[in-house]
Structure formats: structure tokens, C-alpha cells
Amino acid sequence: MKVTSATFLAAAGDPRHLPRPHGPEIAFAGRSNVGKSSLLNRLVGQHKLARVSKTPGRTQQINFFVLNGALVFVDLPGYGFARVPPAVKARWRHLVESYLTGRHTVRAVVVLIDSRRGLQPDDRQLLDFLHGHDISPIVVATKADKLTRSEQAKQLAALRAAGRFEPCMVSAHTGSGIDQLWTVIERHLRS
Ligand code: GDP
């Protein structure tokens, strides 16, 4: 898809503040530092749409961006960071689960996995949650440029073996896999 415009729509730190649906939504989720902001920026072709952060876990809000006036990308707060009080984790869960269960406009959730780490228990928990609520996951391994070709193949095979999904592998730095990911996103928008 060619993105001709991308604008910030809203941020919500509380389920009561979610914006009214504006169009079909593709949400993005992953452990903090997985490369979510970098990937969003690369998909949209803007350097500063989502903020690339050096401070994991700082933002606990959902950010909404409108693409081409029609499609909405939803940036869910990162999870899995260490040394976070249980109350903050509970707040994250409440916010994200409220969004995902109450939103008929969500077409798919892009679940980002760091290529070097593979699927972690909290990624699996999210995938189980999506499965339980009939929400399609798009599993994407990030930072492909950090792996050799044979390591990439091994990681893709491990992800394939772990679930019922066909994973993509991308690098926000080199742009590899971005066109394929757009194709998968567009397929979910049509279905
Ligand atoms: P977020 O916390 O998930 O939003 O992750 P960021 O996009 O802020 O990225 C976290 C760190 O990973 C930053 O230092 C990025 O430069 C780095 N990073 C993100 N994507 C890539 C990638 O494709 N390749 C490499 N080598 N580093 C990446």
C-alpha cells in the first residue's frame, strides 16, 4: 500500500478514553524494545510517526494513527519489561484487553517477536488471548538484519512450529520484508 498521509488521531491511557472507531484497525503489539516504533515508522514511510524510545516501558497508552484518511494503525503499549510493579502490569492488561475485546473494527493484531529471542511466555500469552477472542494474529519477527540467513530460516521454522500462524520476518533498518508484511496486512483488511 502506498501511504500518502499519516496523522496522529488520539492517545488513550484509559479504556474510557478510546476514540470512536474511524475505520478498519490493525493493532501492533510486542515486548518493549522489540522494534515496534521503528517498524511502524518504516511501514508508513515516516521517521517520526511513532517515537523510537530508549526508555523501555515508558509509554502506557494506546496511540491511534490514520493512514490515507481511512485505515487506522493502533500502537499498543509494549509489555514484558523488567522491574515493573504489579499494579502497572495490571493496568496494561486492563487497557489492552478492554481495547481488544470491545472493538469490532480490529482486523488483525501484528504480534512482534524479536528474531534473536524468539517467542517468550508473554508473547504466547498474548497469542492465546487473541486466539480465545477470535482475533487474527500476524506474527512478525523483527530485526532480521541481526541474524545470518541460516539463523533467519531457523527462527522462522521455530515460530512456525510454535503455532498456527505463518510468520513474516522484517528489518525496519534495511526494509527487508516490509512489502510482504504490507501484503499480509492488506489481505486481512479485505477479509
Ligand atoms: P519499541 O520499544 O518496540 O518501540 O522499539 P524501538 O523501535 O524503539 O526499537 C528499539 C531498539 O531496537 C532501538 O535501538 C532501535 O534502533 C532498534 N531496532 C529497531 N528495529 C531494528 C531493526 O530492524 N534492526 C536493528 N538492528 N535494530 C532495530
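Both counts, for ligands and for their atoms, begin at 1 and track the order of listing.
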Is it true that Arg160 and Glu166 have a side-chain N and a carboxylate O under 4.0 angstrom from each other? yes

Above 12 or not: heavy atoms from other molecules or residues under 6.0 Å from CZ of Arg93? no

Check: [X] N/O within less than 3.5 Å of ligand 1 N/O:
X      : answer
Ala144 : no
Asp145 : yes
Ser37  : yes

List the steps and the verdict of side-chain contact (heavy atoms from CB on, under 4.5 Å) for Ile135 and Leu100. CA-CA 8 Å; Ile135 302 170; Leu100 287 173; 4.0 Å; yes

Can you name the atoms of ligand 1, numbered from 1 with element, that are less than 4.0 Å from a heavy atom of Asn33? 1 (P), 2 (O), 3 (O), 5 (O), 10 (C), 11 (C)

Gly35 heavy atoms, cut-off 4.0 Å: which ligand 1 atoms fall inside? 1 (P), 3 (O), 5 (O), 6 (P), 7 (O), 9 (O), 19 (C)

Please list all pairs passing the side chain to side chain donor-acceptor pair (under 3.5 Å) test where one or both residues lie in residues 2-21, with sequence neighbours left out. Thr4-Asn68, Asp14-Arg16

Residues two or more places apart in sequence or in another chain: which of them pass ring-ring contact (aromatic ring centres under 6.0 Å, His included) with Tyr79? Trp92

Would Met169 and Ser115 satisfy side-chain contact (heavy atoms from CB on, under 4.5 Å), going step by step from the backbone distance to the final call? CA-CA 8 Å; Met169 184 167 266; Ser115 289; 3.6 Å; yes

Is there a heavy atom in Gly30 that sits closer than 4.0 Å to ligand 1? no

Counting heavy atoms only, which part of Val34 comes closer than 4.0 Å to ligand 1: side chain, backbone, both or neither? both

